[in-house]
Amino acid sequence: MPELPEVEVSRLGISPWLLNQTINKIIVRDKRLRWPVPDEIFLAEGKTIVNIRRRAKYLLIDVGDGEIILHLGMSGKLRVIDADFPTIKHDHIDIVLGSGKCLRFNDPRRFGACLWQPKGATHTLLSKLGPEPLTDDFDTDRLVALSKGKKSPVKTFIMDNDVVVGVGNIYANEALFMSGIDPRRAAGRVSAKRYALLTAAIKEVLAKAIEQGGTTLKDFAQSDGNPGYFAQHLRVYGRAGQECEICSTEIKSVVIGQRNTFYCPNCQK
DNA sequence: ACGTGATCCTGGAAGC
DNA sequence: TGCTTCCAGGATCACG
């Protein structure tokens with residue numbers, strides 16, 4: 001289940017293999033992803049990859065005339081392998097490179113996406129996104145301003161892509177624990193002081209995860225497809241019934257916005 | 001405008 | 001052992 005750090009680590013992992021390479025061919029074995037894969041992506045054939053960037057959890061492969069947009073959904077994996085390497089189940093798309101390698105997209109649950117945006121245009125999916133969490137555009141003032149009067153839970157608030165992008169369920173849980181805020185608390189009833197703590201916690205937990213190569217639960221493989229990475233230490237996520245590391249109180253779980261939520265009833269108020 | 005909830009999909013785990 | 005059921009997850013869309 002790739003969150004922002006996993007996508008960033010994927011970007012870093014695949015970039016050296018893709019940059020300055022010509023796209024010889026794009027093979028779409030199954031276009032039934034989150035949205036049907038549009039024929040426009042074939043416009044990238046014959047073009048050279050000049051940049052690979054990330055926006056939220058989207059990867060953008062720039063070929064000059066436009067960008068291929070990739071989203072890993074929750075079960076998507078990218079591997080860079082030899083183009084003639086035998087395919088396995090759910091290998092939906094190949095981007096075949098001049099080097100003989102290919103970027104192969106595998107996604108069992110097909111929640112991922114492969115789309116196209118022409119040069120200068122911004123796909124509607126990307127046009128309304130909030131700021132990147134690791135930039136200065138995401139700060140305490142923004143959380144304080146946008147949360148005014150909001151009755152929905154603070155956890156739902158920080159997972160809202162209009163507020164800030166890239167905060168998924170795992171890191172939302174962890175950041176709220178780190179800042180001592182009860183995830184059920186109404187967003188409008190969190191003080192500015194505590195929003196400062198939360199802002200810092202979000203930045204810290206995401207940055208640390210990127211450093212460590214991404215938190216790796218069951219669905220993430222690094223770009224070379226090899227395991228051999230270690231899951232980042234999670235303090236509340238998935239730990240219901242276990243003791244809080246700080247105070248030994250039992251970690252509770254509750255569903256918020258249809259998402260499993262974990263917190264320490266003693267440390268988080 | 002705001003908030004809640006259904007929905008997409010599959011594999012792995014848990015339950016019977 | 002083999003079946004069924006449940007669950008996970010991001011993001012959109014429909015509805016109250």
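Below, read A as the first sequence line, B as the second, and so on, with proteins coming before strands; counting in each chain starts at 1.
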(request) State, with a plain yes or no, whether a side-chain heavy atom of A:N161 is found less than 4.5 Å away from one of A:V167. (result) no

(request) Mark yes or no for whether A:T261, through its side chain, and A:R259, through its backbone, hold a donor-acceptor pair below 3.5 Å. (result) yes

N/O donor-acceptor pairs under 3.5 Å from side chains in residues 92-104 of chain A, not counting sequence neighbours:
residue : atom : partner : partner atom : Å
A:H92   : NE2  : A:H90   : O            : 3.4
A:H92   : NE2  : A:D107  : O            : 2.8
A:D94   : OD1  : A:R29   : NH1          : 3.3
A:D94   : OD1  : A:R104  : NE           : 2.8
A:D94   : OD2  : A:R29   : NH2          : 2.7
A:D94   : OD2  : A:R104  : NE           : 3.3
A:D94   : OD2  : A:R104  : NH2          : 3.0
A:S99   : OG   : A:Q21   : OE1          : 3.4
A:S99   : OG   : A:K101  : N            : 3.3
A:K101  : NZ   : A:D82   : OD1          : 3.1
A:R104  : NH1  : A:F85   : O            : 2.8
A:R104  : NH1  : A:P86   : O            : 3.4
A:R104  : NH2  : A:A83   : O            : 3.3
A:R104  : NH2  : A:F85   : O            : 3.2

(request) Count the heavy atoms of every other residue, nucleotide or ligand shown that sit under 6.0 Å from CG of A:D162, and state whether that count exceeds 12. (result) yes

(request) Just report the end-to-end axis angle for the helix from B:dC2-C:dG16 to B:dC16-C:dG2, five pairs per end, to 10 degrees. (result) 60°

Review item, nucleotides 5-7 of chain C N/O atoms under 3.5 Å of protein N/O:
none

(message) If I take atom CG in residue A:L72 and atom C1' in nucleotide C:dA8, what distance separates them, rounded to the nearest angstrom?
(response) 16 Å

(message) Would you say that A:L176 contacts A:Y263 through its side chain, given a criterion of any heavy-atom pair below 4.5 Å between the two side chains?
(response) no

(message) I'd like to know if A:M159 and A:L206 are part of one continuous hydrophobic network [Ile/Leu/Val/Met/Phe/Trp/Tyr, side-chain heavy atoms within less than 4.5 Å].
(response) no

(request) For A:D30 and B:dC9, give me the distance from atom CG to atom P, rounded to whole Å. (result) 11 Å

(message) Using a 4.0 Å heavy-atom cut-off to protein, can you give one letter per nucleotide of nucleotides 10-16 of chain C, 5' to 3': B if the base is in contact, S if only the sugar-phosphate is, - if neither?
(response) BBS----

(message) Using whole Å, what does the distance between atom C1' of nucleotide B:dC9 and atom CZ of A:R109 come to?
(response) 8 Å

(message) Contact between A:V37 and A:R32 at the side-chain level, heavy atoms closer than 4.5 Å - yes or no?
(response) no

(request) Give A:K89 one of three labels, base, sugar-phosphate or nothing, depending on what nucleic acid heavy atoms sit under 4.0 Å from its own. (result) sugar-phosphate

(message) Can you pull out the residues from residues 145-157 of chain A that lie within a 4.0 Å heavy-atom distance of DNA chain B?
(response) A:K150, A:K151, A:S152

(request) Before accepting this row, confirm whether a basic side-chain N of the pair A:E8/A:R11 lies closer than 4.0 Å to the acidic partner's carboxylate O. (result) yes

(request) Can you run down the side-chain hydrogen bond (donor to acceptor under 3.5 Å, both in side chains) pairs that involve residues 119-128 of chain A, sequence neighbours left out, and say none if there aren't any? (result) none

(message) Give me the atom names and distance for the closest heavy-atom approach of A:V165 to A:G130.
(response) CG1-O, 3.4 Å

(request) Check each of A:K57, A:R142, A:R55 against A:E132 using the salt bridge (Lys or Arg N to Asp or Glu O under 4.0 Å) test, and report the only one that passes. (result) A:R55

(request) Grab the CZ-P distance between A:R32 and B:dT7 for me, whole Å please. (result) 20 Å

(request) Specify the closest pair of heavy atoms between A:S248 and A:E243, including all atoms of both residues, with the distance to one decimal. (result) O-CG, 3.5 Å

(request) State whether A:H90 places a side-chain N or O below 4.0 Å from either non-bridging phosphate oxygen (OP1 or OP2) of B:dG11. (result) yes

(request) Kindly determine whether A:T22 and A:K47 satisfy side-chain hydrogen bond (donor to acceptor under 3.5 Å, both in side chains), including the steps that lead there. (result) CA-CA 6 Å; A:T22 299; A:K47 304 293 193 309; over 6 Å; no

